[in-house]
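Before any comments, here is the structure.
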Amino acid sequence: MKILILPGDGVGKEITSEALKVINLISKLYSLNIDIDFGYFGGVAVDKFNSPFPDETREKIKKSDAVLLGAVGGPQYDNVEKEKKPETGLLDLRKSLNLFVNIRPIITFKESINYSSIKKEFIEDLDIVIIRELISGIYFGEPRGFNSNFTEAHNTMRYNQTEIKRIAEYALNLSKDRSNKLCSVDKANVLEVSQLWRTTIEESAINYKDIELSHMYVDNAAMQLVQNPKQFDVIVTENLFGDILSDLASVLTGSIGLLPSASLNENGFGVYEPIHGSAPDIANKNVVNPIATILSVAMLFQHSFKRVDIYNHILESVKMALNDGKYTKDLSENEFISTSEMGDCIIQKIEELYND
Ligand code: IPM
Ligand code: MN
């Protein structure tokens, strides 16, 4: 098994090096044969190769079984041309690997529940999964661009039935394995794309008789997620809505620094990354929370290695660390441990659990 690590920009290096400690320990404990390679991606790749997603990195991905990504972007790239934006590289990577499904679990830990700005009783034992369509919609729709004198710009939200159907199938199957409840989020009262989304999901759901499918407009869904999040189990939605709702949902857990994600294609190839950004303001200060990336490693073992046992092992170890009252600064402003201390603490818990 070969894992390619793309640390990227900002806090990317710090979070992936904590994640690497976890990979190495798991590899040792479970006698797995894991090869690690590193590549340039994002702003660091622009600096070195003049491209956020250089050929060298594309070749390395072809030779790997899974990719762990840190984060990309930074203020120095805000005004560069589109081809050299780190975000363009990220979208290119998702598109060229056909990573159409993005899985974003929203789980609250009882150990950190008091750090959420939402009242405890609304978020206790929360366990939601947002399935975000990742390679179509307004992020990729053509036509797009500025007019010649930059006084007007446009983007196009576009989906075809094939694209909707495959994400619907993924979400329906996942719901079947969970609580048979699926909520599809759209804006069908205004957008034709959403009308197509809705009817296509309904057609797919005909073959899943046990699943209770509901639909919700995205504005209402944003409100419901905060007001009564436990009504949801699996949410499926298009690219931009999923982007926005997943940041919003992260507030329920106390910190965006806790949330991992997996992006998969039809062959099960996966790219794993925290849902938070590169946070340049806190980079290189040893304060970023490494948990989102460590849980992304857990998802990597779950999906790419089919090792649910290892996923659970890592998840439990994270809970144990939090249970010891160990928090990074995003959770506990005044009394906190550093990024590397959190990594070490989780490593220690992984060992302890293994020896139990
Ligand atoms: C995410 C990020 C990306 C997105 C950015 C960095 C392009 O916000 O993964 O949620 O919008 O998809
Ligand atoms: Mn986002």
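Both counts, for ligands and for their atoms, begin at 1 and track the order of listing.
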Flag Glu273 as yes when one of its N or O atoms lies below 3.5 Å from any N or O atom of ligand 1, and as no otherwise.
no
Quick look: Arg132 vs ligand 1, heavy-atom contacts under 4.0 Å, and the answer is side chain
Looking only at protein heavy atoms, what sits closest to atom 9 (O) of ligand 1 is Arg94 NH2, 2.7 Å
For Lys13, is the NZ atom crowded, meaning more than 12 foreign heavy atoms sit under 6.0 Å from it? no
If you scan protein heavy atoms around atom 1 (C) of ligand 1, the nearest is Arg104 NH2, 3.4 Å
*When you measure from the side chain of Thr156 to the backbone N and O of Arg158, does any donor-acceptor pair fall under 3.5 Å?*
no
Does this structure show an ion pair linking Lys181 with Asp210, if we count only N-O contacts that are shorter than 4.0 Å? no
Atom 7 (C) of ligand 1 has as its nearest protein heavy atom Glu87 CG, 3.9 Å
Original post:
Taking the side chain as C-beta and beyond, is there a heavy-atom pair between Ile128 and Leu126 under 4.5 Å?
Top reply: yes
- Going by heavy atoms in the side chains, are Glu83 and Thr88 under 4.5 Å from each other? no
Closest to atom 4 (C) of ligand 1 among protein heavy atoms sits Tyr139 OH, 3.5 Å
re atom 5 (C) of ligand 1, the protein heavy-atom contact at minimum distance is Leu90 CD2, 4.2 Å
So the ring-ring contact (aromatic ring centres under 6.0 Å, His included) pairs with at least one residue in residues 234-261 (sequence neighbours excluded) are none
Atom 2 (C) of ligand 1 sits nearest the protein heavy atom Asp243 OD1, 4.1 Å
Can you confirm whether Glu124 is buried at CD, in the sense that more than 12 heavy atoms of other residues, nucleotides or ligands lie under 6.0 Å from that atom? yes
query = Under 3.5 Å, is there a donor-acceptor pair between the side chain of Arg132 and the main chain of Asn239?
reply = yes
Discussion item. Keeping Thr328 on the side-chain end and Thr339 on the backbone end, is there a donor-acceptor pair under 3.5 Å?
Written reply: no
Output for pair (Leu259 CG, Asn289 CG), nearest 0.5 Å, gives 10.0 Å
Sorted by chain and number, protein N/O/S atoms nearer to the Mn ion (ligand 2) than 2.8 Å are Asp243 OD1
